[in-house]
Amino acid sequence: MASPFRPEVLKGKVALITGGGSGIGFEIATQFGLHGAAVAIMGRRKHIVEAAQAALQAQGIQAIGLEGDVRRREDAARVLEAAVKHFGRLDILVNGAAGNFLASPEELSPNGFRTVLDIDAVGTYTMSHEALKYLKAGAGGRAPSDGGLILNISATLHYTAAWYQINVSAAKAAVDSITRGLALEWGTDYNIRVNGIAPGPIAGTPGMRKLAPEEMRRRVREDMPFFRLGEKWDIAMAAIYLASDAGKYVNGATFVVDGGHWLSQPRMIPKEEVKQMSRVVEKKSRKEPTGVPKSKL
Ligand SMILES: NC(=O)c1ccc[n+]([C@@H]2O[C@H](COP(=O)([O-])OP(=O)(O)OC[C@H]3O[C@@H](n4cnc5c(N)ncnc54)[C@H](OP(=O)(O)O)[C@@H]3O)[C@@H](O)[C@H]2O)c1
């Protein structure tokens with residue numbers, strides 16, 4: 001689908017996207033690039049970031065791939081420095097890197113639990129912490145009131161509870177909390193906006209392939225209000241909105257982009273039955289005297 005945004009809406013901006021070598025992160029990098037931004041992508045696997053860099057450049061996007069682990073503070077500092085050295089500034093940090101695997105709590109060791117928290121939550125904090133000096137108002141050639149944006153990719157699992165994903169749920173709950181905390185403190189002190197996007201199940205992503213076998217994906221589709229999974233494009237468009245001036249007053253929000261999935265409930269009674277019941281109730285209430293004169297109703 002063609003983008004509803006102008007192609008130059010992010011012109012002049014530089015974004016660093018962790019987890020930008022694949023899935024949703026790669027789509028955000030692509031769409032940011034196609035809308036005028038220069039993009040740096042970060043991931044642990046060299047061949048993935050190199051392939052992603054080549055694929056972005058082949059579309060005419062200014063892109064570099066940088067190897068690094070968000071869990072390591074020195075990697076965070078090195079990658080951010082390299083991106084700023086290459087492009088001259090940093091405007092947007094997208095924290096998309098995440099770990100995930102299915103495990104029941106009795107099988108999940110504390111180390112397995114900690115690993116996902118380390119990548120998603122501590123990684124988000126570490127990258128944001130190291131990026132502050134580039135994103136704050138007045139830094140790196142910015143105007144005194146011009147701060148950058150941090151965009152944290154979260155999820156909706158923790159709004160209720162999710163089977164076999166206690167680690168991811170806990171990690172994303174922490175990510176949402178970081179979004180709000182930094183939005184308050186760094187919005188006030190440095191003019192940096194901090195927002196999140198919480199995707200629902202998104203088709204064609206490593207996350208869905210890993211966590212939901214086809215049978216489960218079919219069931220998810222049947223339960224969803226629109227009877228379909230989201231697309232990576234849906235998440236990237238929300239990211240462009242937040243990264244552009246259209247989102248300039250949005251701070252501390254986590255946008256749910258899930259087609260209403262987390263609200264989904266099975267229909268308890270067929271609709272015809274409900275209509276029938278409400279007709280009966282309506283008729284009955286019309287017959288009952290209310291004690292209020294008709295002229296006042
Ligand atoms: N897919 C969905 O339906 C869905 C739903 C809700 C939320 N989300 C969220 O959306 C984001 C992207 O998900 P996705 O499904 O598209 O999965 P994905 O492509 O597997 O995303 C993970 C990315 O993060 C990188 N990464 C992992 N650990 C890292 C580390 N320690 N340091 C640096 N990079 C690291 C991975 O590259 P390396 O392994 O090379 O490091 C990979 O590129 C995640 O935050 C996920 O939680 C996805």
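Ligands are counted one by one from 1 in listed order, and the atoms in each one are counted from 1 as well.
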* To do: Given ring-ring contact (aromatic ring centres under 6.0 Å, His included), test Tyr164 with Phe101 step by step and report yes or no.
  => CA-CA 8 Å; Tyr164 314 131; Phe101 52 90; over 10 Å; no
* Asked: For Gly200, is the nearest heavy atom under 4.0 Å from an atom of ligand 1?
  -> yes
* Structure fact -> Within the 4.0 Å heavy-atom cut-off, what Ile119 brings close to ligand 1 is side chain
* Asked: With distance as the sole criterion, is a donor-acceptor pair present between the side chains of Gln276 and Glu272 under 3.5 Å?
  -> no
* Would you say ligand 1 has an N or O under 3.5 Å from any N or O of Asp120? -> no
* Asked: Cut-off 3.5 Å, side chains only: do His158 and Asp176 have a donor facing an acceptor?
  -> yes
* Which protein heavy atom lies closest to atom 22 (C) of ligand 1, and at what distance to 0.1 Å? -> Ala98 O, 3.7 Å
* Consider ligand 1: state whether an atom of it lies below 4.0 angstrom from any non-hydrogen atom of Ser154. => yes
* Asked: Side chain or backbone of Lys232 under 4.0 Å from ligand 1, or both, or neither, by non-hydrogen atoms?
  -> neither
* **Top protein contact for atom 23 (C) of ligand 1, by heavy-atom distance** => Gly19 CA, 3.6 Å
* What residue and heavy atom of the protein are closest to atom 32 (N) of ligand 1, and at what distance? -> Val70 N, 2.9 Å
* Asked: Which protein non-hydrogen atom lies closest to atom 10 (O) of ligand 1, naming both residue and atom, and how far is it?
  -> Ile153 CG2, 3.3 Å
Enumerate, atom names and distances included, each donor-acceptor pair closer than 3.5 Å involving a side-chain atom of residues 103-111, sequence neighbours excluded.
unit_1: Ser109; atom_1: OG; unit_2: Asn111; atom_2: N; d: 3.4
unit_1: Ser109; atom_1: OG; unit_2: Gly112; atom_2: N; d: 3.0
unit_1: Asn111; atom_1: OD1; unit_2: Arg114; atom_2: NH1; d: 2.8

* Just checking, is any N or O donor in the side chain of Asn191 or Ser145 under 3.5 Å from an acceptor N or O on the other one? -> no
* Nearest to atom 13 (O) of ligand 1, what protein heavy atom do you find, and at what distance? -> Ile24 CD1, 4.2 Å
* Asked: How far is atom 20 (O) of ligand 1 from its nearest protein heavy atom, and which residue and atom name does that atom have?
  -> Pro206 CB, 3.4 Å
* Asked: Heavy-atom distance under 4.5 Å between the side chains of Leu151 and Asn95, does that happen here?
  -> no
* To do: Indicate yes or no: does an N/O atom of Gly43 lie under 3.5 Å from an N/O atom of ligand 1?
  => no
* To do: Below 4.0 angstrom from a heavy atom of Ile202, which ligand 1 atoms are there? Numbered from 1 as shown, please.
  => 2 (C), 3 (O)
* Asked: Where is the nearest protein heavy atom to atom 14 (P) of ligand 1: which residue, which atom, and how far?
  -> Gly207 N, 4.0 Å
* Asked: Do Gly25 and ligand 1 have an N or O pair less than 3.5 Å apart?
  -> no
* To do: Examine the proximity of ligand 1 to Pro199 and report which part, side chain or backbone, both or neither, has a heavy atom under 4.0 Å away.
  => both
* To do: Would you check whether Ile48 has a nitrogen or oxygen atom less than 3.5 angstrom from a nitrogen or oxygen atom of ligand 1?
  => no
* Asked: Which residue from Glu27, Arg217, Glu67, Arg45 reaches closest to atom 38 (P) of ligand 1 through any of its heavy atoms?
  -> Arg45
